[in-house]
Amino acid sequence: MRIFLDTANIEHIRHAARLGVISGVTTNPTLVAREGAGDFKAAILEICSIVPAVSVEALSLDAEGMKQEARKLSSWHENIVVKIPVSEAGLEAISVLSRENIKTNFTLCFSTNQALLGALVGATYVSPFVGRLDDVGHQGMEVVADAVEIFSRYNLPTQVIAASLRHPLHIIAAAKAGAHVATVPYSVLMQMIRHPLTDIGIARFAEDWKKVVKQ
Ligand code: E4P
């Protein structure tokens with residue numbers, strides 16, 4: 001399973017890329033807005049220079065607008081993946097865009113049926129939103145596991161991104177469910193690295209080594 005970073009924060013992306021653990025970034029309008037107003041295209045191009053897959057959301061609600069937006073966004077850089085929300089218009093748009101080899105991420109996916117339809121129209125990725133499903137009392141990870149199983153059984157090349165992940169146990173569950181990708185908030189990535197026993201162990205080794213150096 002690969003890890004993408006779920007953020008538009010350039011410092012966080014640079015840091016995670018330096019660690020060598022991320023192979024993509026997912027953004028959405030909320031994450032972009034969190035970084036404040038600025039040159040959106042320049043920011044996306046900078047992210048594209050750091051990682052090989054960058055999801056950017058199309059905001060049109062009709063199929064024609066989605067297609068036009070997707071063509072424009074994907075012309076900015078070969079690393080751009082256009083996020084298209086689940087809807088009839090989204091399916092119509094992706095079925096055309098996939099034939100034009102434009103990479104897409106079928107987003108705001110909350111059911112296995114939605115994921116299956118995304119794969120049938122040729123989406124590059126589908127993104128079940130695990131945390132938001134958990135929030136309303138469903139087992140979000142079941143959509144990830146079911147989509148992975150179905151895509152594998154029918155040799156559908158669409159990859160499943162476990163999205164809307166909120167804590168480190170979500171990442172383990174996504175990996176066990178066979179997700180191709182987990183898109184992870186920066187804070188959760190940091191939590192994945194840290195363990196109090198590791199900190200205690202490093203401190204103790206450093207202390208003990210001082211005794212060796214003194215001799
Ligand atoms: C994924 O592509 C989305 O940007 C993201 O995972 C949504 O997460 P949230 O439910 O925490 O907003």
Side-chain angles (χ1 to χ4, degrees), residues 1-13 16-17 21-36 40 43-44 47-48 50-60 66 69-70 73-74 79-87 90 93-94 97 102-112 114-115 117-119 123-145 147-148 151 158-175 177 179-192:
M1 183 181 77
R2 288 176 294 145
I3 290 181
F4 289 179
L5 204 62
D6 196 25
T7 185
N9 183 290
I10 195 72
E11 292 312 320
H12 289 170
I13 294 166
V21 292
I22 61 162
S23 47
V25 160
T26 50
T27 69
N28 64 39
T30 305
L31 294 172
V32 172
R34 201 172 284 166
E35 301 311 314
F40 176 61
I44 294 298
I47 299 171
C48 286
I50 303 171
V51 288
V54 181
S55 282
V56 183
E57 193 135 349
L59 295 166
S60 302
M66 286 171 174
E69 240 186 290
L73 289 169
S74 63
N79 293 356
I80 288 178
V81 178
V82 183
K83 270 183 161 179
I84 304 265
V86 172
S87 62
I94 293 176
L97 294 167
I102 290 175
K103 288 173 279 188
T104 53
N105 176 348
F106 203 36
T107 190
L108 287 166
C109 179
F110 292 98
S111 77
T112 308
Q114 292 177 331
L117 293 172
T124 316
Y125 302 99
V126 296
S127 289
F129 274 34
V130 174
R132 292 193 197 187
L133 276 166
D134 290 355
D135 289 344
V136 295
H138 291 274
Q139 294 283 357
M141 205 58 78
E142 280 181 4
V143 178
V144 172
V148 167
F151 295 0
T158 300
Q159 296 190 39
V160 179
I161 301 181
S164 183
L165 304 179
R166 305 274 169 77
H167 50 72
L169 286 176
H170 265 157
I171 318 306
I172 296 168
H180 302 90
V181 178
T183 190
V184 179
Y186 179 77
S187 58
V188 176
L189 180 65
M190 293 303 112
Q191 287 177 304
M192 288 170 71

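For ligands, and for the atoms within them, numbers begin at 1 and follow the listed sequence. Computed from a predicted model, the values in this text were never measured in an experiment. Every heavy atom of this structure was used, including side-chain atoms; hydrogens, water molecules and symmetry mates were not.
- Partners of Gln114 under the side chain to side chain donor-acceptor pair (under 3.5 Å) rule, at least two apart in sequence or in another chain, do not exist in this structure.
- Evaluation of the side chain to side chain donor-acceptor pair (under 3.5 Å) rule for His180 yields no partner, not counting sequence neighbours.
- The aromatic rings of Phe129 and Phe110 sit perpendicular, their planes meeting at an angle over 60°, well past the 30° parallel limit.
- Within 4.0 Å of ligand 1, the residues that place a heavy atom are Asp6, Thr26, Asn28, Leu31, Lys83, Phe129, Arg132, Ala163, Ser164, Arg166, listed by chain and number.
- Partners of Gln139 under the side chain to side chain donor-acceptor pair (under 3.5 Å) rule, at least two apart in sequence or in another chain, do not exist in this structure.
- Within the 3.5 Å criterion, the main-chain N or O of Glu57 finds no donor-acceptor partner in the side chain of Asn28.
- With respect to Arg166 and Asp134, no salt bridge is recorded, no charged nitrogen being found less than 4.0 Å from a carboxylate O.
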